[in-house]
Amino acid sequence: MRKFWIALFALVPPLAVGFFLWARGVEGLWFPPNASETGSDIDFLFWVIFAITGITFLGVEIVFAWFLWKYGGREEGGKGVFTHGNHKLETIWTIIPAGILVFLAIFQYGTWEEAKFYSQAPDSPVHARVLGGQFEWRIRYPGEDGVIWSPDDVEQVNELHVWKNQPVKILLESRDVIHSFFIPQMRVKQDAMPGMKQWVWFTPVESGEFEIACAELCGWGHYKMRARLVVHETEQDFQDWMARATAAQFADTEEAAEEQ
Amino acid sequence: MKALDGLGLAAVAVLTATGIAWMSPGSVTARGIALEYSLRPDTDEYGFQPATLEALEGKLLEKFGEHASPHLPEDLGDYDAFGMGGEEELARGRELYRTKCLHCHGVSGGGDGPTAKFLIPRPRNFRDGKVKFTSTLRAAKPTREDLRRTLRDGVAYTAMPSFQVEEDEDIEALISYVQFLMLRGEVERLVALQIDDEGDFEDFEAGDMDAAEFSELLDEYFEEQYEYIQDQWGSAEDEQVFPEGPRPPATPESIARGRRLFMSETAGCVNCHNGNGDGKGPNVYGEILDPDTGEVLRIGYKLKDEWGNEARPADLRKGFYRGGNRPLDLYRRVHQGIKGTPMPAIADMHANDEDIWALVNFVLSLPYNQ
């Protein structure tokens, strides 16, 4: 039995490494490819942390298996070897992680500031207001006057349109509970708090369609709170779409309704 | 010790296998969930005996198929009248309905799924063949486009979410299945009403009529009601409401005219939507009296819709509109009201196009007045 347990725990490190190597190549298991400007910084941070925790994990697992072999009871029913700890060792393994933590806290600060501090938000006018609610995203564009909440607003559900290389600035709100506005490819995730205004910004560098998901369990329908991000190739494409959406929004006759 | 380990492992294996079998697609059919076909609980008031209910249920099963294989009646059904794609599409629609709609709208579309009772407003009961927000006249069926819009855009600020990200063909299949549930529920109810009206079920239950005769009679009623409803669906497109002219600009004059109408006794909007548009007018919110004793039971919403649920008029200051936020949608809402609710059709009050547009302009200005 002893050998079985040693073998089981000794298997964890190679299995874990193997799994991660395999998962890298499987779509849907690893990070979706980054499609935003600041995303590479965030990915870099991810890799730094992943390397630190990964090496620590492997080390711990190897020591664990080795201890099982070295100190476990030798024969069936035999007792293992127990010790009462080691002051010096405890000091060392407290100081090293604390050092890593302080390093990470300082090291990540620039990226965090860039991604989350409002002073770093682009100067561009607000692109849209995204209102999370159980269980959908309502997206309101300011219309021609650039002011959100005026009669010329264009409101859409579950579809956010932007264009490539646009510094997108979004006002995020919630109408009921806490939601989280998550666009994996843009490396953006921000909670939407009822009663608060949050700002989210990102600059897509690739056109295409991406998923917007709610990343905060917000109720029984949380799983279906999905929306679509459409990144147009050029600003002109976006403006063309916007013109169509505006015409649809203000449809008032049979002809206007049929044109959609 | 070893024996216990083995037992534990076996138990986990059995539970896992059961779980997988339970949740796998098609298992609902395999388990043979009973068809809650016949009738909503309230039809019990007819006092049908089990034999009558069984005959009725048998007839409906024969005509519309088992739950797992929905189809229109073979002799009478016309998929084109509904704009449906056919039997395969219905089966696909049913699969999608089960995963995305059933938990609110219920197995048979009765608006009685497990999550329904937590929601205000309640999910739509399709079995009355009526939905609230359509482009058609008050008595007419919705068009496919109306159902499509509701699925795509959701119903703003209710539990009905938007299915914007679904594939087109999935949306079409869902529309067809919802039409099917509306059709089946309505036919069922009308046939039940008819045998109640004519008193045939009493003959049958007393033994004066044998099963074959009763079945024939049901066939006859079924055909009559089915054709009547299918024709309504077929003509829904022709019953759409369109304004005579485009929306006039929202000038202060037009808004002021709308406001006058809104406040007037003729249109009566103010009685429910209130002077400031908050939807808590004198008719709506207040003391609810006990019908017998006249005592005040509580303070709350007094209006009910046809489904027996609380009807809360819209707060027009919020800037969202459940039936769609296009001027055209608002025009139709004012023109034909909201089906099944106390919101009336102003067109019945001899309002002209200009009046309605003025009202729309006023309503659209309300959120931005503060």
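Convention: sequence-line order gives letters A, B, ...; per-chain numbering from 1.
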Can you tell me if A/Glu254 uses its side chain to pair, donor with acceptor, with the backbone of B/Phe242 under 3.5 Å? no
Which heavy atom in [X] sits nearest to a heavy atom in [Y], and how many Å separate them?
X: B/Lys100; Y: A/Lys224; value: O-NZ, 4.0 Å
X: B/Tyr368; Y: A/Arg140; value: OH-NH2, 2.6 Å
X: B/Pro327; Y: A/Ala251; value: CD-O, 3.5 Å
X: A/Arg226; Y: B/Val165; value: NH2-CG2, 3.7 Å
X: B/Leu328; Y: A/Thr253; value: CD2-O, 4.2 Å
X: B/Arg247; Y: A/Phe250; value: NH1-CD2, 4.2 Å

Check this for me: [X], atom [atom1], are more than 12 non-hydrogen atoms of other residues, nucleotides or ligands nearer than 6.0 Å?
X: A/Trp241; atom1: CH2; value: yes
X: B/Arg259; atom1: CZ; value: no
X: A/Glu144; atom1: CD; value: no
X: B/Glu169; atom1: CD; value: no
X: A/Trp199; atom1: CH2; value: yes
X: A/Lys169; atom1: NZ; value: yes

Interface residues of residues 133-142 of chain B facing chain A - non-hydrogen atoms under 4.5 Å apart: none
Contact leader toward chain B among A/Trp220, A/Trp137, A/Tyr223, where contacts are heavy-atom pairs under 4.5 Å: A/Trp220
Please state whether the side chain, the backbone, both or neither of [X] comes within less than 4.5 Å of a heavy atom of chain A.
X: B/Thr115; value: side chain
X: B/Phe118; value: neither
X: B/Ala250; value: neither

Checking A/Glu155 against chain B: side chain, backbone, both or neither under 4.5 Å from a heavy atom? both
Hey, which of B/Gly245, B/Pro243, B/Gly154, B/Ala156 has the most heavy atom pairs under 4.5 Å with chain A? B/Ala156
Of all of B/Asn325, B/Leu330, B/Asp329, which one pairs up most often with chain A through heavy atoms under 4.5 Å apart? B/Asn325
Decide yes or no for A/Trp149 and B/Pro367: does some side-chain heavy atom of the first lie under 4.5 Å from some side-chain heavy atom of the second? yes
Can you find a pair of side-chain heavy atoms, one from A/Arg138 and one from B/Phe320, that are under 4.5 Å apart? no
Start with the C-alpha distance between A/Asp252 and B/Arg326, add both sets of side-chain angles, then the distance that settles side-chain contact (heavy atoms from CB on, under 4.5 Å), and finish with yes or no. CA-CA 7 Å; A/Asp252 55 359; B/Arg326 301 177 301 173; over 6 Å; no
Under the side-chain contact (heavy atoms from CB on, under 4.5 Å) criterion, do A/Val157 and B/Phe163 qualify, and how do the steps go? CA-CA 9 Å; A/Val157 197; B/Phe163 290 91; over 6 Å; no
In a table with atom names and distances, give each donor-acceptor pair under 3.5 Å that connects a side chain of residues 177-186 of chain A to protein atoms at least two apart or in another chain.
unit_1: A/His179; atom_1: NE2; unit_2: A/Asp176; atom_2: OD1; d: 2.8
unit_1: A/Ser180; atom_1: OG; unit_2: A/Asp191; atom_2: OD1; d: 3.0

